[in-house]
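Below you'll find the structure, written out as structure tokens, and then a few comments.
So that the names make sense, note that chain A is the first sequence line, chain B the second, and so on, each numbered from 1.
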2 protein chains.
Amino acid sequence: VSGAWVMGIGKTKFGPTQKSTLHLAHEAIIAALDDAGIGPDELDAIVVANFLGGPNEGQLHLNSVVAGLFPDLHIPAWRVESACASGGVAVHNAVALMGTYPRILVVGVERMSDVGGLQLTRNIAMAGDRLLDQTVGLTFPASYALVAQAHMTEHGTTLGDLDLVSLKNHANARLNPLAHFSHKTVTLTEIEAGPTIASPLRLYDCCPVSDGAAAVVLSSTPGSSSRDIAITGSAVAVDAISLAQRRTLTGFPAAAEAARKAYAQAGITPADVDLVEVHDCFTIAEIVAMSDLGLASPAEALRMIRNGETYPEGALPVNASGGLKAGGHAIGATGVGQICELVKQLRGEASSRQVLRARRAVAHNVGGVGGSCAVHVLEGRS
Amino acid sequence: VSGAWVMGIGKTKFGPTQKSTLHLAHEAIIAALDDAGIGPDELDAIVVANFLGGPNEGQLHLNSVVAGLFPDLHIPAWRVESACASGGVAVHNAVALMGTYPRILVVGVERMSDVGGLQLTRNIAMAGDRLLDQTVGLTFPASYALVAQAHMTEHGTTLGDLDLVSLKNHANARLNPLAHFSHKTVTLTEIEAGPTIASPLRLYDCCPVSDGAAAVVLSSTPGSSSRDIAITGSAVAVDAISLAQRRTLTGFPAAAEAARKAYAQAGITPADVDLVEVHDCFTIAEIVAMSDLGLASPAEALRMIRNGETYPEGALPVNASGGLKAGGHAIGATGVGQICELVKQLRGEASSRQVLRARRAVAHNVGGVGGSCAVHVLEGRS
């Protein structure tokens, strides 16, 4: 990976909507092209990230659907899928292709809100192993509940710790107009009273079902704009798909490996990171992410959370956007949306949720229960 | 694209089987690694091609499923999907990544035979537009029937021409032990008597429903083996997904554009091509492919077919493997399998179906009704 620059970003609001997949993708794409100040004819390739277009909507071949927005362009385009890491993995695919295609549009999109509860649970479970996980009913809340139980046993994590993660991310989302729960004030009392989904995880430990899209324009060379943000590290790692195949439940080796590689590319250590957007599909996942990314040991992570150090004004802001938990999780768009959010922060354009001294940021996007992970290091021009 | 070499190939038999998706993928992967003479620890990345794992089997996140074959490897892996062009597009993705990942395994896999008729038709139709195509019942046989009708009107193509394509590909498949219909002798009388599927296409105009897998190991540098085959051209192009969005029915601009780019990279013209594997999901598609690839005008293509010049011993062997029509169409594996087949030919290892003077070959893999296309140029060491 020889580096890339983010020339433009575009993101829709995450949350239930009547807009079609193509409408959502179009909205993000046009915003990203406008932000980059280029036209579609200046693109060399398009990477589309999507997870459930087939099972949810009967629509595969989304690269061709998106191509319909640009008649006669005929540039290379494909869809990348890696479950909930589809967006981050697509960004990595594009970064790794910069030597061949110097300017690439990555668009992630997902529609989920039309699909009924049980059917959607079944569709999302397709990110887990058909035999080992699906046949025994190991849904994603159940998988992360196992992670939470093990974390509680090994590290003394409490329900109160999970509550604090949820409380922070809901508070952050109130400052992010594009967040799924931007409109909703959530109190600790409400969080504590949430019904159990998969013990110990309760309602407010779980991210919502979101529709949405996000797009970035990447370039192999920096443009003249000081708003261009460098991607100095980009890595993907995979692992066996089922928790049943792993040695530990309280860390994801794929995430640790992707982080190690991305830091090495960027020439940084975790201590150099100013803020992070991590994959908090469940509150416990944010705590696991902090240790997988080497930002804190599990014990340190719990201490930081209890001390409020992961708030936007704290020592290590985590998910200043509201994260997946309260910002929303439009699956194929999530990893791309993390990049959009961090670019805003590094440009100093994050308005009321702006993190001070935001110069180096990390995005962490997980597929399944750690079966795949993409980690990106972004740096502003200082 | 700076070039790549095929170090190893592996392909299962195409056709109905009880073997699981993972079993099929494993079989092709191990064969390709053995053929390349390397271990999995010598790979830098894995690209998985698959179309219908979600709708057919409830299994997405196949990159993580495949990762389970290599515990603790944690190398980058993702799934590429571009409908029926998924395999060829995945190979292109890998070729274009050689600057970043110098040794990549591409594995394409598909299971279709478990799924019932109407449900499978619906699932395959996900490669077409949900609104423009699916809601009006425009299945893939129906779409290609429109192409055939237009071709007959514009170019005087006859049912007899389609019959000749089918007859040749079935004859070729008899010499390919890995072909879906390797066991089946098909006569012109049987072809002519086939029931209508979507007029004018009849049963023997249509490729079968196949399970199967294929894998290739690609390297950015040639190995010491003279069996390494160079990929000197690799291109992907896309188009709007529905025929309703196109100006012509008798050619696919995405295929023509991908061919133009691939030839330019290889520094060749169509006249330099010794043999081709083209995407004959329906017999008419083989005729369209010949003109899209610039190998013949539509009129010349018909003349060549009538004169038997596309047989393995003719001036331009087309689908010496039996093609999709009789070799089988295990969708995600098809485009990768074409590369395997051409490598065998260029190595001189195609035994009874060996094409003489096979030095330069082209693979042509189409998604949907021309919504996407991958074209590769392969050259042996002479």
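Looking at A:Val65, the atoms closer than 4.5 Å to chain B (heavy atoms on both sides) sit in the backbone and in the side chain alike. Contacts of B:Leu97 with chain A are made by both backbone and side-chain atoms, with heavy-atom separations under 4.5 Å.
Of all the listed residues (B:Ala125, B:Pro76, B:Gly368), the one sharing the greatest number of non-hydrogen pairs under 4.5 Å with chain A is B:Pro76. The choice from B:Cys84, B:Ala254, B:Ala83 that makes the most heavy-atom pairs within less than 4.5 Å of chain A is B:Ala83. Contact count against chain A (heavy-atom pairs under 4.5 Å) is highest for B:Ser82 among B:Ala237, B:Ser82, B:Cys373.
Within a 6.0 Å sphere centred on CZ of B:Arg122, other residues, nucleotides and ligands contribute 12 heavy atoms or fewer.
Contact annotation: the side chain of B:Arg79 never approaches that of A:Ser86 to less than 4.5 Å [non-hydrogen atoms, C-beta and beyond]. Between A:Met126 and B:Glu57, every side-chain heavy-atom pair lies at or beyond the 4.5 Å cut-off. A heavy-atom distance below 4.5 Å is found between the side chains of A:Pro55 and B:Leu60. Looking at B:Asn63 and A:Val236, their side chains never come closer than 4.5 Å, going by heavy atoms from C-beta outward.
Of the possible donor and acceptor atoms, none in the side chain of A:Ser64 sits under 3.5 Å from a partner among the backbone N and O of B:Ser372. With hydrogens and angles ignored, the 3.5 Å screen pairs no side-chain donor or acceptor of A:Glu81 with any backbone N or O of B:Asn50. The backbone N or O of B:Gly58 sits less than 3.5 Å from a side-chain atom of A:Gln134, completing a donor-acceptor pair. The main-chain N or O of B:Gly128 is found under 3.5 Å from a side-chain atom of A:Gln59 such that the two form a donor-acceptor pair.
Note: B:Thr100 OG1 to A:Asn93 CG = 9.5 Å, rounded to the nearest 0.5 Å.
Between A:Val238 and B:Ala67 the shortest heavy-atom distance is CG2-CB, 3.4 Å.
Annotation: ring pair (Phe, Tyr, Trp, His ring centres under 6.0 Å) contacts involving residues 51-75 of chain B, sequence neighbours excluded, are absent.
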*Mind running side-chain contact (heavy atoms from CB on, under 4.5 Å) on B:Arg247 and A:Asp72 for me, showing each step along the way?*
CA-CA 10 Å; B:Arg247 292 189 190 87; A:Asp72 303 322; 2.9 Å; yes
